[in-house]
Trainee: 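Below is a structure I'd like to ask you about.
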Amino acid sequence: MKWKIETFVWAAAVVLTTALNAIADTRLAVKNLRCEYKSDPLGIDVRKPRLSWELTSTERGVLQTSYEIRVAASETELAKGKTLWESGKQSSDASNQVEYSGPAFESRKIYYWQVRVADNRGHLTGWSKAARWETGLLEPTDWKAKWITPNLPEDETKSNTAPLLRREFSINRKVERARLYATAMGLYEMSLNGKRVGEEYFTPGWTSYDFRYQYQTYDVTNDLKSGANCIGAILGDGWFRGRLAWDPKNNRNHYGKKLALLAQLVITFNDGSQQIVGSDQQWKSATGPLLLSDIYDGETYDARVEQASWNDAGFNDKDWQSVTILEAPKATLVAPAGPPVKAIEEIAPIKVLKTPAGNTVLDMGQNMVGWIRFRVTAPAGTTITLRHAEVLDKAGNFYTENLRAAKQTIQYTTKGQGIEIFQPHFTFQGFRYVAVSGWPGELHRQDFTGVVVHSAIPRTGSFETSNPLLNQLQDNIIWGQKGNFVDVPTDCPQRDERLGWTGDAQVFARTASFNHDTAAFYTKWLKDVALDQEADGAVPFVIPNVLSHKTRKGEAASAGWADVAVVVPWVVYQSFGDKRILEEQYASMKAWVEYMRRQADEKYIWSNGFSFGDWLAFATTRSDYPGATTDKDLIQTAYFARSTALLAKAAAVLGKKEEAAEYTSLEEKIKAAFQKEFVTPNGRLSSNTQTAYALALAFELLPEAQRALAAARLAEDVKKFGHLTTGFLGTPLLCQTLSDYGYLDVAYMLLNRTQYPSWLYPVTKGATSIWERWDGIKPDGGFQDPGMNSFNHYAYGAIGEWMYRVVAGIELDERHPGYKHILIQPQPGGGLTYAKASFDSMYGRVASDWKIANGKFTLTVEVPPNTTATVRLPKAKLEQTAEGQKAVAGRSDLLGARQAEDAVLVEVGSGTYVFETALSGTN
Ligand code: BGC
């Protein structure tokens with residue numbers, strides 16, 4: 001009975017609110033409806049998708065008190081309330097990843113959904129605008145098409161001419177809806193009636209092909225015509241069989257020797273009938289103009305051998321070859337969980353240079369990843385060559401040595417029929433400079449466009465301060481992420497590497513998750529981490545594992561690298577409130593910890609096996625300089641403890657009480673062993689290095705009593721050198737550890753330093769991306785060892801998280817993941833007069849913006865609806881702190897304000913607040 005009254009009240013209130021909304025203000029509304037992190041995804045295969053929405057409100061202190069979701073087969077049915085599933089009114093503040101729990105899905109069906117919510121201010125929204133998701137081919141039997149491979153002669157020792165595939169079909173009824181499902185062994189580009197299908201590149205994407213291929217779903221309803229139609233495909237070697245990794249004996253055909261296509265076009269007509277055109281025996285194949293195509297090396301294209309209209313109906317393909325049907329591979333087909341790779345932005349060259357050596361070079365003004373699109377008019381047979389490089393050398397000449405064996409060269413031969421426009425298909429380049437040769441006549445920069453290509457990860461973060469050098473650093477971090485989020489998180493995008501190095505991903509994940517919404521991207525990649533993990537739990541150095549997947553042994557299990565299996569799921573859970581990632585990765589996380597447990601001796605010290613150590617730590621040849629090498633067993637044992645601690649937390653979140661207790665006790669044992677083995681009673685570590693102290697303090701490996709002593713030693717060490725000495729593993733922890741233990745000034749000194757080694761040194765050298773090494777270009781203008789000198793390596797960009805968390809002060813509350821409760825706690829310093837950052841969380845925008853002027857500290861804070869925040873005003877006195885020019889003390893519209901030792905803490909609900917405090921002491 002009670003339920004009925006409530007429902008009635010709810011319904012009446014909704015009617016009323018809807019009416020009111022229509023007339024006056026919309027004080028509460030929902031927006032940004034997403035399903036599995038995507039808006040209106042096409043072709044998903046998640047059986048219980050999670051739905052998220054944001055609230056918008058004109059009021060402060062808004063929390064959702066209930067929601068109601070409904071799902072129907074069409075918008076009309078939704079409006080009529082003829083539903084497939086209704087959540088019913090749920091008294092809940094959940095607005096992030098609410099699980100669909102209706103009936104099981106059918107393949108290829110569109111589900112429309114909407115939501116309405118109520119808040120604690122007595123407002124109700126009407127039903128939101130409908131959003132949708134569409135299922136893909138959920139069952140293997142849904143695939144009627146067959147894998148086909150072209151019957152063309154090939155030389156498996158090199159890149160072959162990219163095959164073209166085609167088939168005609170005819171349509172004689174009115175099309176209601178058409179979807180194309182496609183995947184390949186290799187890369188594919190599909191076309192319908194001469195037009196490229198979709199806006200995605202490098203499809204089907206790079207997964208661990210031993211286990212799975214992704215297939216894409218395209219809406220091609222408008223690409224069909226009545227009568228004769230043609231479906232076409234070009235295949236490229238890509239990651240499947242192209243050159244990958246550096247071992248000359250094992251750098252091709254990693255997953256197979258034959259390219260293949262699986263494509264299925266499903267046309268639904270107005271009368272409800274259906275036609276399927278799949279890859280089958282009727283397709284024909286031929287070679288085309290793409291003579292060579294390789295991820296590292298670039299492309300060679302001869303427009304003279306194009307076959308005009310080959311992918312249009314009516315083309316004469318009698319000279320084309322047949323295709324062979326392949327047995328379906330054991331690997332499964334899955335819909336992509338992550339975002340597709342797309343051409344995201346375009347940049348114009350800033351100038352054309354003539355180098356001392358006589359090369360004509362375009363300067364893009366930015367180290368970017370993607371390619372050049374150019375337009376040219378020239379007589380037939382003119383060959384234009386574009387070579388790509390990241391830097392010019394000291395003398396101003398084009399420098400390619402650091403690309404190692406990657407050629408990064410585009411060669412285009414014109415057909416000579418007016419304006420020709422070219423951009424590559426199955427390759428990308430990492431570059432700022434482009435050497436152009438063979439250009440007919442004078443070169444105009446308007447004929448060239450830089451196309452920036454990366455995974456379509458939505459940008460979520462911004463960061464700015466009063467120091468322009470720091471702003472450039474932030475910009476470089478962003479570019480480092482864009483260039484290395486090309487379907488998998490790579491180390492670098494230019495030399496003959498471009499692999500999913502786990503250590504780099506591990507250290508950068510938190511920073512990456514401020515700047516962009518990485519949840520779906522990592523969800524996809526972590527699945528491959530688990531699939532490629534070896535039977536004993538060892539995690540390969542690179543994922544997908546092209547280094548040792550054939551034997552499934554070796555090239556695995558380095559501390560700090562393999563820990564990606566534990567750290568990244570935890571980061572995604574914390575940053576996005578994604579509990580499912582912990583469920584899905586739990587077995588993999590646990591297998592890695594158990595691997596370390598077996599490696600460690602009975603004293604819980606892990607000292608055997610291979611380790612990269614604190615990779616690329618500061619090194620010097622000066623004989624009076626103390627060394628900065630951290631013992632590998634210390635690093636290994638520290639990470640053993642760290643991953644065990646995170647696993648225990650994950651177990652607790654998942655309600656696995658016994659395992660949580662088990663791993664907590666294991667962590668205690670490792671810590672005790674660590675202390676016994678590596679720490680003196682006075683808090684000195686056996687490796688007296690910054691990395692050792694940062695690991696021990698950040699991972700809480702020391703007893704309470706020794707922490708202050710150890711932190712003092714860390715600060716001492718930094719001061720003694722005057723700079724950082726850390727490598728890949730120590731660097732991300734250094735400033736955070738210093739500021740956590742009261743050495744904010746030392747942390748700012750490191751951040752602000754402009755000489756080598758430091759984050760800003762490359763900025764002073766004109767860097768537009770993050771370098772692999774602290775001194776990729778040395779102070780004298782010379783280069784570091786070309787064997788390993790990338791100028792686009794995001795790992796050291798991991799300082800970004802400290803800039804958000806401490807300089808701007810946007811911090812999550814571990815107990816309320818996904819920023820459900822936010823900590824805003826800026827720590828001004830370093831001579832900055834202002835800093836501001838924003839982060840678009842799953843609930844909406846979080847922002848912190850402070851400035852120091854006229855003896856006052858002003859902090860503007862934005863807290864999204866359905867969250868709360870604790871704002872910490874540093875060095876403030878309660879009686880001198882105001883919000884909106886009214887004293888905070890005793891205010892009933894704030895959730896509370898109190899004096900903490902040297903700061904004022906204010907609890908707030910959602911809304912925008914402007915706090916002001918008188919400055920006491922120095923900042
Ligand atoms: C990569 C790194 C990677 C490392 C392993 C390098 O070649 O570029 O970033 O983590 O190898 O230590």
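Just so it is clear, the structure is predicted and the values come from calculations on it, not from any experiment. Just follow the structure's listing: the first ligand is 1, and inside any ligand the first atom is 1.
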Trainee: Using a strict threshold of under 4.0 Å (side-chain N to carboxylate O), is an ion pair present between K671 and E667?
Mentor: yes

Trainee: Does ligand 1 come near enough to D491 that some N or O of the ligand is less than 3.5 Å from an N or O of the residue?
Mentor: yes

Trainee: Should the pair D210-K550 be classified as a salt bridge under the 4.0 Å nitrogen-to-oxygen rule?
Mentor: no

Trainee: Applying the salt bridge (charged side-chain N to carboxylate O under 4.0 Å, His left out) criterion to R495, which one of E390, E401, E772 satisfies it?
Mentor: E772

Trainee: CG/D475 to CD1/I770 distance, rounded to the nearest 0.5 angstrom?
Mentor: 10.0 Å

Trainee: Report the nearest protein non-hydrogen atom to atom 7 (O) of ligand 1: residue, atom name, distance rounded to 0.1 Å.
Mentor: E497 OE2, 2.6 Å

Trainee: Which protein heavy atom lies closest to atom 5 (C) of ligand 1, and at what distance to 0.1 Å?
Mentor: W501 CZ3, 3.4 Å

Trainee: Please could you name the atoms of ligand 1 that E772 approaches to less than 4.0 Å, counting only its heavy atoms?
Mentor: 8 (O)

Trainee: Less than 4.0 Å is my threshold; does some heavy atom of F728 fall inside it relative to ligand 1?
Mentor: yes

Trainee: What are the atoms of ligand 1, with element, lying closer than 4.0 Å to any heavy atom of D504?
Mentor: 2 (C), 3 (C), 9 (O), 10 (O)

Trainee: Check R243 with D237, please: is the shortest side-chain N to carboxylate O separation under 4.0 Å?
Mentor: no

Trainee: Taking a cutoff of less than 4.0 Å between a non-hydrogen atom of the residue and any ligand atom, is R495 in contact with ligand 1?
Mentor: yes

Trainee: If we ignore hydrogens and angles and just use 3.5 Å, is the side chain of D532 paired with the main-chain N or O of I543 as donor and acceptor?
Mentor: no

